[in-house]
Amino acid sequence: MDEAQVKLKVQALTKAYDLFKNKSDHLKTLVFGQRAASQFWALKGLSFEIYAGEAVGIVGINGSGKSTLVNLISARLAPTSGQLTVSGTVAIIAIGAGLKGQLTGLENIRLKALMQGLTTQEIAQVQQEIIEFADLGAFIEQPVKTYSSGMRARLGFAIAIHQKPDILIIDEALSVGDQTFYNKCMQKLLALKAAGKTIIFVSHALNQITQLCDRVIWLHFGDLKEIGPTKMVLQNYRAFITMFNQWSLTKKHTYQTQAKQAQATFELAPTTVRTKAQPMTWPTRLLALALTSLLAVVGLMICL
Amino acid sequence: MKVTAMIEIKTIMKAQIAHFGLILRLAHYDERATYQNHYLGLFWQFLNPLIQVGLYYLIFGLGFYNGKKVAGVAFIIWLLIGLTCWLYMNATILGATTSIVRQLPFVSKLNFPVSILPTVILIGRLINFGAMLGLTVLIMVSQGIYPTVMWLQLGYYFVCMLSFLFSLNLLSATITVLIRDYQIALQSVMRVLFYLSGVVWDLNSTYFPAWLKRIFTLNPLTYIIEGFRNSLLSRHWFWQDGQQMVFFWTFVMLLLLIGTQLYFKFRPRFMDLI
């Protein structure tokens, strides 16, 4: 693996969400820049690497941080601390995301292509490929809001893979399609993998993960519980799920509460550097002050 | 120490220029999405202002001014110039407040130049503005008001308008992400400003005290509207209002400064805040 090209390098990555008790609490953090009274650590420090030509599955029970992780990788969210190095382009497919309901399927395809900066000629070509892959028939000319969830997934998938990303993330988007479309997607994903692309696959369907993934990351309440070959990790994960399901309701509840408590009370080591916005520098403040004074002086001159 | 504010302003400006093609394409799509489900489609873009012109002419031109001239010209012409500017500025200011909030969920990348989203509205509405201005000029010429050298300063006031709207819209769009109430507050402010900007009635001929009238001249919207009237009606040159000019541009620079500062401070957290 040492010689393989590292596509994604994650080091001590954390993500905290601010929890606000009320509106004024929210306002205080905005105005004074202080931290929220309570935070929730969706990710408590992950480190791993993903290589080119690899398919990596992400498993974990609800609330383990899967979506937060893929949103960080696709740069929809900014990390709280830690390093995230992505080499190459990323495309993400999540259920229903990134499509505009008002526009037709065709217009959505064109809009996505335009946003990527393709030329009209390139768009015409890509458009045809996407239409064929999505296989929506006459619906391609209808607004996306009239689509079924399966049709949306098909269009979303078709658009995402034709963006030709280096890293393709699939966030539970294949679970809504039927078997025919699923098979078609799986063929395509395997082909992409063979072509050296990296695939990150979030799913609760463990058989899908077995079919596609070389390695699996098991997230557990914001921690990386296990990372390794698919077979090994899934075996342990299945064992955990079976054990968890056999517990009594009270035991389950106590376990979850404890885990959530740990996510609420988690603290970064004091030396950790937080990703922080640049504060206003003194020259900028002086400039703002000068402009305000000038505004006041001229305003008074006009009024008096 | 460097004045980082200048670098940030430059970065924002560069983003607008670098993505100008994208701005145009997004503007085109915005228009289509807005009128997709309307039977009359784009026709509303012309019908809507026409109804407003008719209404204000009825109420103010006939009811209020009794068909008299305003500031030396027929009311309808005086109104059309002001309303052309007002409708464009109002639509842009209100449209831009939610531009980032609305579009952000569709923007799948953190490095997407979100600062162009308010500009998309600014550019998209220009077609309506151009059409209405053209119509106004046609009506003026038909009424015997011909172009003079002073019409050249339309260029200056156009730049004023775009600079003001650009600065305000970036600030508004950013604040709306942070505090959603801002949008509703701004709607109310704009409703008040409609009457205080001298769009439908001449503030100079009102019975307000002189000091209040002088305060009205500080309003950047009034500066732009009166500027367009000064140019098209060949009243006077822009440098003859030196103090207003300094005040206007200082105000625009301050808006731009605060807007870019807030934008860069909160940009990485936009997705968390929505």
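Chain A is the first sequence line, chain B the second, and so forth, proteins listed ahead of strands; every chain is numbered from 1.
Residue A:Leu300 holds its CG atom at 11.5 Å from CZ of B:Arg214, rounded to the nearest 0.5 Å. A distance of 6.5 Å separates OG1 of A:Thr284 from CD of B:Glu8, quoted to the nearest 0.5 Å. If you take CG on A:Leu291 and CG on B:Leu255, they are separated by 10.5 Å, rounding to the nearest 0.5 Å. Residue A:Cys303 holds its SG atom at 7.5 Å from CZ of B:Phe247, rounded to the nearest 0.5 Å.
Here the side chains of A:Val298 and B:Leu218 are not in contact, with every heavy-atom distance at 4.5 Å or above. Proximity of A:Leu111 to B:Arg25: side-chain heavy atoms (C-beta onward) are nowhere separated by under 4.5 Å.
Closest non-hydrogen pair, B:Phe251 versus A:Leu295, comes out as N-CD1, 3.5 Å.
No more than 12 heavy atoms of other residues, nucleotides or ligands shown are found within 6.0 angstrom of CD on A:Gln83. Around atom CD of B:Gln240, more than 12 heavy atoms belonging to other residues, nucleotides or ligands sit under 6.0 Å away. Crowding of A:Tyr147 atom OH: a count of heavy atoms from other residues, nucleotides or ligands under 6.0 Å exceeding 12. Within a 6.0 Å sphere centred on NZ of B:Lys213, heavy atoms belonging to other residues, nucleotides or ligands number more than 12. More than 12 heavy atoms of other residues, nucleotides or ligands lie within 6.0 Å of NZ in A:Lys260, so this atom counts as buried by the packing criterion.
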Given side-chain contact (heavy atoms from CB on, under 4.5 Å), test B:Leu254 with A:Leu294 step by step and report yes or no.
CA-CA 10 Å; B:Leu254 198 61; A:Leu294 182 62; over 6 Å; no

